[in-house]
Novice: 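This is the structure I want to talk about, given as structure tokens.
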Amino acid sequence: MIENTDLSVLVEPTLTWYEANKRDLPWRKDKDPYHIWVSEVMLQQTRVEAVIPYYERFMTALPTIEALAKCQEDPLLKLWEGLGYYNRVRNMQKAAQTICAEYGGQMPQTYDGIVALSGIGPYTAGAIASIAFDERVPAVDGNVLRILSRVSQDDSDILKDATKKRMTAQLSQIMPKEAGAFNQALMEIGALVCIPNGQPKCDLCPWQPFCLAYKNDTYDRLPVKTKAKPRRIEEKTVLLIQDGQKIVLRKRPSKGLLAGLYELPNIEGYLTEEEALAFVRGQNLAPLQIKKLPEAKHIFSHIEWLMQGFLIQVADVDSFQQDEDLSKGPQDYLLVDIDKTRKEYAIPSAFDKYAEFIALHRMD
DNA sequence: GAAGCGTGGTG
DNA sequence: TCACCAAGCTT
């Protein structure tokens with residue numbers, strides 16, 4: 001690790017480079033703290049290109065903090081469907097409700113006030129405070145950690161809190177009055193020049209004269225990150241239970257993986273056809289026909305689902321709805337019109353392979 | 001400090 | 001095909 005690297009020489013070249021090279025992104029049209037906030041939360045662990053259409057749609061549907069605070073959970077999750085890390089949007093709504101209750105609907109204007117809100121940590125608070133209010137605080141994300149570790153050839157593990165704290169402290173000392181532009185410039189250099197995958201574009205980099213990783217050709221070993229531990233594997237059997245008009249969905253629990261989203265009923269393990277039929281009969285339904293569906297795999301950050309599926313036609317799926325035991329059970333089942341399923345319910349992409357079959361195998 | 005929490009792109 | 005990666009936060 002390199003001590004006392006003087007970063008102050010980087011400030012002017014960085015700001016100059018940013019003014020000439022910054023991208024024209026939807027959330028850079030103004031400095032409305034709500035706009036900055038929503039974009040920053042969406043961008044957590046998520047690529048810019050993926051975020052753009054979600055951001056546009058979200059702002060159209062929920063143009064103000066108050067609208068976000070008052071939105072029902074299902075439509076809120078639908079707006080977030082496919083972005084992942086769904087607690088982000090739940091926490092954001094909680095924070096919006098706090099802002100309405102305690103700050104008159106206006107985002108608090110200091111780092112300390114902002115970081116106290118639900119779902120907002122050191123990075124996001126720094127980004128909002130600096131970009132919207134020009135408070136002189138750093139916003140240290142993965143881009144910033146990468147470019148700092150390279151420019152100073154620092155092999156500290158950037159995932160460790162101690163490393164983040166040290167780099168945050170270094171940046172605090174050189175933070176110019178244009179804090180918002182400077183923080184965004186650091187991230188923009190990381191996103192466009194000092195890229196994480198592949199060859200960094202050192203010829204375009206405003207830091208090249210100062211960069212130790214460039215000088216010593218060590219960029220490909222930096223930054224240092226601890227390896228993720230291997231994913232656990234889970235085997236599942238997914239069931240498409242439907243008659244001509246409706247299909248059985250299930251609302252996931254309010255905590256844990258994919259909390260609050262809707263899914264196709266699924267059971268741990270690989271069931272035989274007989275076991276799958278027994279499961280369906282156990283739900284007071286009369287199966288008429290069963291067909292094996294293709295296997296599928298879905299990779300989460302920490303789990304891998306290996307799935308097999310069955311399409312099961314049942315007689316009069318409405319009898320299912322009338323069974324009171326089902327509503328008392330641990331699982332929250334519901335019947336959904338086939339044509340509305342994917343349009344109105346937030347269903348995780350893990351089920352995409354099977355959701356494709358929902359409309360294709362009607363018996364009418 | 002470590003684990004839990006999604007998804008899609010990339011070499 | 002697969003490991004790695006992307007503007008992290010919460011518990």
Side-chain angles (χ1 to χ4, degrees), chain A residues 22-23 25-28 35-55 77 80-92 94-95 114-128 130-131 138-147 157-165 168 180 182-192 194-200 220 223-234 252-261 263 297-305 346-353:
Chain A
K22 63 182 175 188
R23 287 169 291 180
L25 298 169
W27 46 88
R28 288 182 175 164
H35 297 168
I36 308 301
W37 177 27
V38 171
S39 69
E40 291 299 342
V41 172
M42 285 186 170
L43 286 162
Q44 291 169 9
Q45 305 289 288
T46 310
R47 313 171 85 84
V48 167
E49 315 83 72
V51 164
I52 290 172
Y54 283 89
Y55 175 82
L77 287 171
W80 210 264
E81 178 186 39
L83 262 187
Y85 289 140
Y86 298 93
N87 274 334
R88 289 185 290 178
V89 72
R90 255 192 289 270
N91 284 331
M92 199 162 61
K94 200 178 305 172
I114 295 166
V115 80
L117 295 167
S118 178
I120 299 183
Y123 163 73
T124 305
I128 298 171
S130 64
I131 298 170
V140 177
D141 73 337
N143 285 310
V144 175
L145 292 166
R146 181 174 61 258
I147 65 175
D157 184 341
I158 62 166
L159 295 184
K160 292 208 178 304
D161 286 345
T163 307
K164 296 181 187 179
K165 277 191 177 174
T168 300
F182 185 68
N183 285 331
Q184 291 183 87
L186 298 180
M187 294 187 277
E188 202 80 338
I189 291 172
L192 299 181
C194 197
I195 53 182
N197 299 314
Q199 185 98 355
D220 59 339
V224 172
K225 299 172 80 163
T226 50
K227 272 199 168 73
K229 81 171 200 188
R231 286 182 286 267
R232 71 171 180 273
I233 295 179
E234 295 182 358
R252 290 182 61 87
S254 58
K255 291 191 182 303
L257 184 67
L258 305 169
L261 275 71
E263 65 180 356
K297 178 165 75 172
H298 185 80
I299 298 174
F300 298 96
S301 47
H302 58 306
I303 307 172
E304 190 167 329
W305 279 358
I347 300 174
S349 71
F351 296 95
D352 279 357
K353 180 95 173 243

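Model, not experiment: these values are computed from the prediction.
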Novice: Looking only at the side chain of Arg146(A) (C-beta and beyond, no hydrogens), which of the listed nucleotides dA6(C), dG6(B), dG8(C) gets closest?
Specialist: dA6(C)

Novice: Under 3.5 Å, which N/O atoms of the protein pair with N/O atoms of nucleotides 8-11 of chain B?
Specialist:
{"from": "dG8(B)", "atom 1": "OP2", "to": "Ser349(A)", "atom 2": "OG", "distance (Å)": "3.4"}
{"from": "dG8(B)", "atom 1": "N2", "to": "Arg47(A)", "atom 2": "NH1", "distance (Å)": "3.3"}

Novice: Name the closest nucleotide to the Asp141(A) side chain, picking from dG6(B), dG8(C), dG1(B).
Specialist: dG8(C)

Novice: So, do Asp141(A) and Met187(A) sit near enough that their side-chain heavy atoms are less than 4.5 Å apart?
Specialist: yes

Novice: What's the CD-C1' distance between Glu304(A) and dT7(B), to the nearest Å?
Specialist: 14 Å

Novice: To the nearest Å, give me how far apart NZ (Lys225(A)) and P (dA2(B)) are.
Specialist: 16 Å

Novice: Kindly say if Lys255(A) contacts the phosphate of dG4(B), meaning a side-chain N or O under 4.0 Å from OP1 or OP2.
Specialist: no

Novice: So, using salt bridge (charged side-chain N to carboxylate O under 4.0 Å, His left out) as the criterion, who are the partners of Lys22(A) when residues are at least two apart?
Specialist: Glu19(A)

Novice: Would you compute the distance between atom CD1 of Ile128(A) and atom CG of Asn183(A) and round it to the nearest 0.5 angstrom?
Specialist: 12.5 Å

Novice: Can you tell me if Ser254(A) and Arg90(A) form a side-chain donor-acceptor pair at under 3.5 Å?
Specialist: no

Novice: Contact between Ile131(A) and Glu40(A) at the side-chain level, heavy atoms closer than 4.5 Å - yes or no?
Specialist: yes

Novice: When you measure from every atom of DNA chain C, which of residues 83-92 of chain A have a heavy atom less than 4.0 Å away?
Specialist: Asn91(A)

Novice: Want to settle it: does Val115(A) or Leu25(A) sit nearer the 5' end of DNA chain C, counting the closest nucleotide to each?
Specialist: Leu25(A)

Novice: Between Gln45(A) (CD) and dC5(C) (P), how many Å, whole number?
Specialist: 12 Å

Novice: What's the closest nucleotide to the Arg232(A) side chain, out of dC9(C), dC5(B), dG6(B)?
Specialist: dC5(B)

Novice: Would you indicate which nucleotide in dG6(B), dC5(B), dC2(C) comes nearest to any side-chain atom of Ile303(A)?
Specialist: dC5(B)

Novice: Judged by modelled atom types alone, do Gln44(A) and Tyr123(A) share a side-chain donor-acceptor pair under 3.5 Å?
Specialist: no

Novice: Please classify the nucleic acid contact of Val48(A) as base, sugar-phosphate, or nothing, using heavy-atom distances under 4.0 Å.
Specialist: base

Novice: Figure out the CG/P separation between Leu159(A) and dT10(C), and round it to whole Å.
Specialist: 17 Å

Novice: How many angstroms lie between atom CZ of Arg23(A) and atom CD of Gln184(A), to the nearest 0.5 angstrom?
Specialist: 10.5 Å

Novice: Can you confirm whether Ile303(A) sits close enough to Arg231(A) that some side-chain heavy atom of one is under 4.5 Å from a side-chain heavy atom of the other?
Specialist: no

Novice: Hey, are the side chains of Trp80(A) and Arg88(A) touching, using non-hydrogen atoms and a 4.5 Å cut-off?
Specialist: yes

Novice: How close or far is atom P of dC9(C) from atom NZ of Lys94(A), stated in whole angstroms?
Specialist: 15 Å

Novice: Determine the Euclidean distance between corresponding C1' atoms of dG1(B) and dT10(C); express it in Å to zero decimal places.
Specialist: 13 Å

Novice: Determine the interatomic distance between P on dG6(B) and the same-named atom on dT11(C); round to the nearest Å.
Specialist: 14 Å

Novice: Could you give the CD1-to-P distance, from Ile147(A) to dC5(C), as a whole number of Å?
Specialist: 17 Å

Novice: Salt bridge check: are Glu188(A) and Arg28(A) linked by an N-O gap of less than 4.0 Å?
Specialist: yes

Novice: Give one of base, sugar-phosphate or nothing for Gly190(A), where a contact means two heavy atoms less than 4.0 Å apart.
Specialist: nothing

Novice: Calculate the interatomic distance between Lys229(A) atom NZ and dC4(C) atom P; express it in whole Å.
Specialist: 15 Å

Novice: Could you tell me the separation between the CD1 atom of Ile120(A) and the CH2 atom of Trp37(A), rounded to the nearest 0.5 Å?
Specialist: 5.5 Å

Novice: Can you check whether Ser118(A) has a side-chain N or O nearer than 4.0 Å to OP1 or OP2 of dC9(C)?
Specialist: no

Novice: Rounding to an integer number of Å, can you tell me how far Ile120(A) CD1 sits from dT10(C) P?
Specialist: 8 Å

Novice: Taking the side chain of Tyr123(A) as heavy atoms from C-beta outward, which of dC9(C), dA3(B), dG6(B) is closest to it?
Specialist: dC9(C)

Novice: Let me know, please, whether Leu43(A) or Lys227(A) comes out on the 5' side of the other along DNA chain C by nearest nucleotide.
Specialist: Lys227(A)

Novice: Scan Ser39(A) against the nucleic acid and name what it touches under 4.0 Å (heavy atoms): base, sugar-phosphate only, or nothing.
Specialist: nothing

Novice: For dG4(B) and His302(A) - does any side-chain N or O of the residue sit under 4.0 Å from the phosphate oxygens OP1/OP2?
Specialist: no

Novice: Side chain of Lys160(A): nearest nucleotide among dC5(C), dG6(B), dA2(B)?
Specialist: dA2(B)

